Amino acid sequence: MSTPENPGTAGEQHIPERREITVRRAPKFVPFLVLGGLLGFGVAAFLAYGLPGDEAFDAGAVFGFFLILCGAGGVVLGGVAALVLDRLSVRRAQRAVVESVPDSEPDTEDRPGA
């Protein structure tokens, strides 16, 4: 008389699972925000030190004032650019079909940290 096989034994047939997924390239927002802030820093430095100004104000104080304004503006513009590119990546998204692949060898080793 034959006995039914236990799940997880070597004789078990694995039926691959097929799923449809969406694939797209989405931008990372932090680099856009940092780049916008650095661009605002450069614009503030140019406005404070590159252009002639009033002698009544210290160049460092003018730089600090423009750094706040231009830095915040640069971060906002970087965020807007990332949002626009993210919206474009949603439009360019493609569909793909993936299939699960069983492990060739079961994991029997004790892994540290697992």
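Here the structure is a predicted model, which is why all the values come from computation and not from measurement.
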Legend entry - Shortest non-hydrogen contact between S89 and R25, atoms and distance: CB-O, 3.0 Å

Inset, instruction - Give, for atom CG of L51 and atom CZ of F46, the distance between the pair rounded to the nearest 0.5 Å. - result: 4.5 Å

Inset, instruction - Measure the shortest side-chain to side-chain distance between R95 and I21 over non-hydrogen atoms and say whether it is less than 4.5 angstrom. - result: no

Legend entry - Neighbour count above 12 (heavy atom, 6.0 Å) for F29 CZ: yes

Inset, instruction - Measure the CD-CD distance between E17 and E99 for me, rounded to the nearest 0.5 Å. - result: 10.0 Å

Legend entry - ring pair (Phe, Tyr, Trp, His ring centres under 6.0 Å) against Y49, all qualifying residues, sequence neighbours excluded: F63

Legend entry - Which atom of L33 lies closest to which atom of V75, heavy atoms considered: CD2-O, 3.4 Å

Legend entry - Single-linkage hydrophobic cluster, 4.5 Å side-chain cutoff, F65 and V43 together: yes

Inset, instruction - I would like to know whether V90 and R24 meet side-chain contact (heavy atoms from CB on, under 4.5 Å); could you show each step before the answer? - result: CA-CA 7 Å; V90 169; R24 70 181 181 106; 3.6 Å; yes

Inset, instruction - Work out which heavy atom in K28 is nearest to a heavy atom in P31; give both atom names and the distance. - result: O-CD, 3.4 Å

Legend entry - Evaluation steps, side-chain contact (heavy atoms from CB on, under 4.5 Å), between F32 and L77: CA-CA 9 Å; F32 280 92; L77 287 177; over 6 Å; no

Legend entry - Among V84, L88, L83, D86, side chain to side chain contact (heavy atoms under 4.5 Å, CB included) partner for P27: D86

Inset, instruction - Is it possible for you to say whether L69 and L47 belong to one hydrophobic cluster, with membership spreading through side-chain heavy-atom contacts below 4.5 Å? - result: yes

Legend entry - Heavy atoms of other groups near E20 CD, more than 12 under 6.0 Å: yes

Legend entry - Q94 vs T22 side-chain heavy atoms within contact, under 4.5 Å: no

Inset, instruction - Report yes or no: do L39 and V80 belong to one cluster of Ile/Leu/Val/Met/Phe/Trp/Tyr joined by side chain heavy-atom distances under 4.5 Å? - result: no

